[in-house]
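So you know, we letter chains A, B, ... as the sequences are listed, proteins then strands, and number each from 1.
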2 protein chains.
Amino acid sequence: MSYSEIVDMLSGKGLKVTPQRLAVLEALMTIKDHPTADAVKEYVRRSNPNLAIGTIYNILETFCEKGIIKKIKTDKDFMQYDIEMHKHHHLYCEQCDYIENYYDEELDKMLQEYFDKKQIPNFNIKEINLQIIGNYKNHKPTKNS
Amino acid sequence: MSYSEIVDMLSGKGLKVTPQRLAVLEALMTIKDHPTADAVKEYVRRSNPNLAIGTIYNILETFCEKGIIKKIKTDKDFMQYDIEMHKHHHLYCEQCDYIENYYDEELDKMLQEYFDKKQIPNFNIKEINLQIIGNYKNHKPTKNS
DNA sequence: ATACTAGTTAGGAATAATTCTCATTTAATA
DNA sequence: TATTAAATGAGAATTATTCCTAACTAGTAT
Ligand SMILES: [Mn+2]
Ligand SMILES: [Mn+2]
Ligand SMILES: [Zn+2]
Ligand SMILES: [Zn+2]
């Protein structure tokens, strides 16, 4: 995503293009790993040492409302954010808390067809996300190493 | 589940049978609705006005460790607990935050077969939970009314 | 029935993530 | 350049959850 695409994306949603928002976007796109607000802070502070943590929460919330990112909650007591907006599911590793994206169009099609046929009474389905819980056979590196 | 079954279940897991644990269990079994720690507190305080909130968290954590209940993942910033231990999925209503259990053996079988065939590289699947997000055509009562 | 003890609880303090407040600053627009 | 609605920084406040520890109790042994 180029700089001008990012600018267009933000202003297209009625958001002012601020250095803080650009920094948070860059952090989210670089880290990818479903970062916490704190991980985003660590990242952006390298270039913007006094970007306030409250501002980060503000921006993340705004991005959620505008459909730019999503929240992910595990059984931990902090929120994680996901900038990958293509349809995907999640692998939750029970041992190292790593959450990996899982893409599977065949699966999506199968589920789509299944629920087209089998309606859930009184409920309109908007999307279906799988939480696939288990463990890696050999653990992924947690961060960048 | 009778009183003596509950007693056996707790002591079978090496847990002492205390009035506090019985009260929390009763709350969970009565509320069903994936209550928060606070909802459990509200319930148990009617009969045990000075059951400490710290004790409730203690008990809930112990129950999780012993496999009596589970934590469920939402995008809210508080935990919810689930005493239904039969395999099921969840319907998340976007409008009223109600989370309903969804049972579907046919679906489970389909997923089982799918992932038996199609392995995920480097990952052992332990369980799969669907987050089915959408809205009720006419909303469910939020509490008991 | 009584004593013992490891496990449990009450109550309050502490912590950590997140939200709020508001004075100041800034991006967009004219 | 002037205007203004929106955004930010700094720190206080809030909220869910955890921690601490003295007092208590369920289960077991005597
Ligand atoms: Mn993701
Ligand atoms: Mn459930
Ligand atoms: Zn792992
Ligand atoms: Zn609803």
J.: A/Asp97: what forms a salt bridge (charged side-chain N to carboxylate O under 4.0 Å, His left out) with it, not counting sequence neighbours?
T.: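 Per chain and number, A/Asp97 pairs via salt bridge (charged side-chain N to carboxylate O under 4.0 Å, His left out) with A/Lys76.
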J.: Using ring-ring contact (aromatic ring centres under 6.0 Å, His included) as the criterion, list what pairs up with A/Tyr103, not counting sequence neighbours.
T.: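 Once residues adjacent in sequence are excluded, the partners of A/Tyr103 under the ring-ring contact (aromatic ring centres under 6.0 Å, His included) criterion are A/His88.
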J.: Would you please name every residue forming a salt bridge (charged side-chain N to carboxylate O under 4.0 Å, His left out) with B/Glu26, sequence neighbours left out?
T.: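 For B/Glu26 there are no salt bridge (charged side-chain N to carboxylate O under 4.0 Å, His left out) partners, ignoring immediate neighbours.
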J.: Mind checking salt bridge (charged side-chain N to carboxylate O under 4.0 Å, His left out) for B/Lys126 and listing every partner two or more places apart, or none if nothing turns up?
T.: A/Glu94
J.: Per the end-axis method with five pairs at each terminus, what is the bend angle of the helix from C/dA1-D/dT30 to C/dA30-D/dT1, to 10°?
T.: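 Between the first-five-pair axis and the last-five-pair axis there is 30°.
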J.: Going by side-chain heavy atoms closer than 4.5 Å, which hydrophobic residues are tied to A/Tyr92, directly or by a chain of links?
T.: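 When side chains under 4.5 Å apart are linked, the cluster holding A/Tyr92 also contains A/Ile72, A/Ile99, A/Ile133.
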J.: If the condition is salt bridge (charged side-chain N to carboxylate O under 4.0 Å, His left out), which residues does B/Glu84 pass it with, not counting sequence neighbours?
T.: none
J.: Sequence neighbours excluded, which residues qualify as ring-ring contact (aromatic ring centres under 6.0 Å, His included) partners of B/Phe123?
T.: A/Tyr136
J.: What is the 5' to 3' range of DNA chain D, first to last nucleotide, that sits under 4.0 Å from any heavy atom of chain B?
T.: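 Footprint of chain B along DNA chain D, 5' to 3': D/dA16 to D/dG27.
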J.: Where do B/Ile31 and B/Ala39 come nearest, in terms of heavy atoms and distance?
T.: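 For B/Ile31 versus B/Ala39, the nearest heavy atoms are CD1-O, 3.9 Å.
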J.: Can you pull out every salt bridge (charged side-chain N to carboxylate O under 4.0 Å, His left out) where at least one residue sits in residues 106-116 of chain B? Sequence neighbours excluded, please.
T.: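 Only A/Lys118-B/Glu106 qualify under salt bridge (charged side-chain N to carboxylate O under 4.0 Å, His left out).
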J.: Quick one: list whatever passes ring-ring contact (aromatic ring centres under 6.0 Å, His included) with B/His34, sequence neighbours left out.
T.: B/His90
J.: If a protein heavy atom is under 4.0 Å from the base, mark B; if only from the sugar-phosphate, S; if neither, -; do that for nucleotides 8-20 of chain C going 5' to 3'.
T.: SBBB-----SBB-
